[in-house]
Visitor: 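Have a look at this one.
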Amino acid sequence: MTNEKRRLYKMKMLLISHQGAASGMKTAASLIAGDMADGIDTIELTAEAGIESFTEELDTYLKAWKETGKTGVIFADLKGGTPYNKAEILLAHYGMKEQIKVISGMNLTMVVECLFQEISQWSQETLQEILAAGREGIDCIELSAASTESEDE
């Protein structure tokens with residue numbers, strides 16, 4: 001599939017985090033996926049701007065997103081953190097929980113996996129695939145080797 005066709009089907013993706021994590025994740029994703037990462041948006045909570053400013057920016061972003069009707073995903077850096085909590089609250093407020101899913105514990109594997117998904121409607125399978133990709137990207141070679149050795153015994 002060409003990049004142009006992929007862009008037509010590609011869902012919206014927003015990365016939200018405490019300062020630096022979302023923008024760094026987008027930069028890293030662009031090294032791997034090239035211009036496919038251009039469609040990733042980021043909003044970060046900074047000490048200078050504070051929670052109120054972050055919430056206003058996220059609120060404005062989600063209102064505009066709702067108008068598009070596009071399916072999408074919000075990756076948050078930390079479950080229970082302010083960015084995650086505000087996203088969940090605002091999505092519920094705007095009735096967007098079926099259209100947009102929030103996934104916490106964002107990692108690069110999940111973000112890149114999501115770039116290559118063609119989602120027009122959410123399913124439990126799709127969510128499981130994205131979460132599985134993120135989990136599979138977490139490893140420690142010494143622990144993996146020790147696990148393999150104990151299975152061989």
Visitor: Would you check if Met25 and Leu108 make a side-chain contact, meaning some heavy-atom pair closer than 4.5 Å?
Guide: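 Yes, close enough: below the 4.5 Å cut-off.
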Visitor: Can you measure from OG (Ser17) to CG (Leu45) and round to the nearest 0.5 angstrom?
Guide: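 CG of Leu45 is found 8.5 Å from OG of Ser17.
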Visitor: Given 3.5 Å as the limit, does a donor-acceptor pair link the side chain of Asp139 with the main chain of Ile141, or not?
Guide: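 No; judged by distance alone, with no hydrogens or angles, the pair does not exist.
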Visitor: Can you tell me how far the CD atom of Gln124 sits from the CG atom of Leu131, to the nearest 0.5 Å?
Guide: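 If we round to the nearest 0.5 Å, Gln124:CD and Leu131:CG are 10.0 Å apart.
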Visitor: Please indicate whether Lys86 has more than 12 foreign heavy atoms, meaning atoms of other residues, nucleotides or ligands, lying under 6.0 Å from its NZ.
Guide: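 For Lys86, atom NZ is not crowded (no more than 12 foreign heavy atoms under 6.0 Å).
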Visitor: Using the salt bridge (charged side-chain N to carboxylate O under 4.0 Å, His left out) criterion, which residues pair with Lys97? Sequence neighbours excluded.
Guide: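 Here the qualifying residues are Glu88.
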Visitor: Could you state the interatomic distance from NZ (Lys63) to CG (Leu58), rounded to the nearest 0.5 Å?
Guide: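 One gets 11.0 Å once the value is rounded to the nearest 0.5 Å.
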Visitor: How about Glu113 and Met110: do any of their side-chain heavy atoms sit closer than 4.5 Å?
Guide: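 Result no, sub-4.5 Å side-chain heavy-atom pair not found.
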Visitor: Near Ile138 CD1, under 6.0 Å, is it more than 12 heavy atoms from other residues, nucleotides or ligands?
Guide: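 For Ile138, atom CD1 is crowded (more than 12 foreign heavy atoms under 6.0 Å).
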Visitor: What are the two closest heavy atoms between Ala87 and Ile16, and how far apart are they?
Guide: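 It is CB-CD1, 3.6 Å.
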Visitor: Check residues 72-79 and write down every donor-acceptor pair under 3.5 Å in which the side-chain atom is one partner and the other belongs to a residue at least two apart or another chain.
Guide:
| residue | atom | partner | partner atom | Å |
| --- | --- | --- | --- | --- |
| Asp77 | OD2 | His18 | N | 2.9 |
| Asp77 | OD2 | His18 | ND1 | 2.9 |

Visitor: Do Val111 and Met13 come within less than 4.5 Å of each other through their side chains, counting heavy atoms only?
Guide: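 Side chain of Val111 against side chain of Met13, heavy atoms only: contact under 4.5 Å found.
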Visitor: Looking only at non-hydrogen atoms, find the nearest pair between Ala37 and Ala29 and report the distance.
Guide: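 Scanning both residues, the minimum pair turns out to be CB-C, 3.9 Å.
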Visitor: Below 4.5 Å, heavy atoms only, C-beta onward: do Leu14 and Ile43 meet side chain to side chain?
Guide: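 A side-chain contact under 4.5 Å exists here.
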Visitor: Does any non-hydrogen side-chain atom of Leu15 lie less than 4.5 Å from one of Asp41?
Guide: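 Answer no - side chains too far apart.
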Visitor: Grouping I, L, V, M, F, W and Y whenever their side-chain heavy atoms are under 4.5 Å apart, do Ile89 and Ile100 come out in a common cluster?
Guide: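 Unlinked, Ile89 and Ile100 end up in two clusters.
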Visitor: Tell me, please, which residues at least two apart from Lys66 pass side-chain hydrogen bond (donor to acceptor under 3.5 Å, both in side chains).
Guide: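 side-chain hydrogen bond (donor to acceptor under 3.5 Å, both in side chains) list for Lys66, sorted by chain: empty.
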Visitor: Using the ring of Trp65 (Phe, Tyr or Trp, six-membered ring only), decide whether Lys12 places NZ or CZ under 6.0 Å from its centre and within 45 degrees of its axis.
Guide: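 Judged by the rule (NZ or CZ under 6.0 Å from the ring centre, within 45° of its axis), Lys12 counts as positioned above Trp65.
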Visitor: Which pair of non-hydrogen atoms, one from Gly134 and one from Asn107, has the smallest distance, and what is that distance?
Guide: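 Closest approach of Gly134 to Asn107, heavy atoms only: O-ND2, 3.1 Å.
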Visitor: Taking side-chain contact (heavy atoms from CB on, under 4.5 Å) as the definition, give me every residue that meets it alongside Asn85, ordered by chain and number, with sequence neighbours left out.
Guide: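 Checked Asn85 against side-chain contact (heavy atoms from CB on, under 4.5 Å); zero matches.
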Visitor: Could you tell me which residues satisfy side-chain hydrogen bond (donor to acceptor under 3.5 Å, both in side chains) with Ser23, sequence neighbours excluded, listed by chain and number?
Guide: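 Counting only residues at least two positions away or on another chain, Ser23 forms a side-chain hydrogen bond (donor to acceptor under 3.5 Å, both in side chains) with Glu44.
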Visitor: Could you tabulate the donor-acceptor pairs under 3.5 Å formed by side-chain atoms of residues 46-55, not counting sequence neighbours?
Guide:
| residue | atom | partner | partner atom | Å |
| --- | --- | --- | --- | --- |
| Thr46 | OG1 | Ala49 | N | 3.1 |
| Thr55 | OG1 | Ile51 | O | 2.9 |

Visitor: How close do Cys114 and Ile130 get, heavy atom to heavy atom, and via which atoms?
Guide: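 In this case the closest contact between Cys114 and Ile130 is SG-CD1, 3.8 Å.
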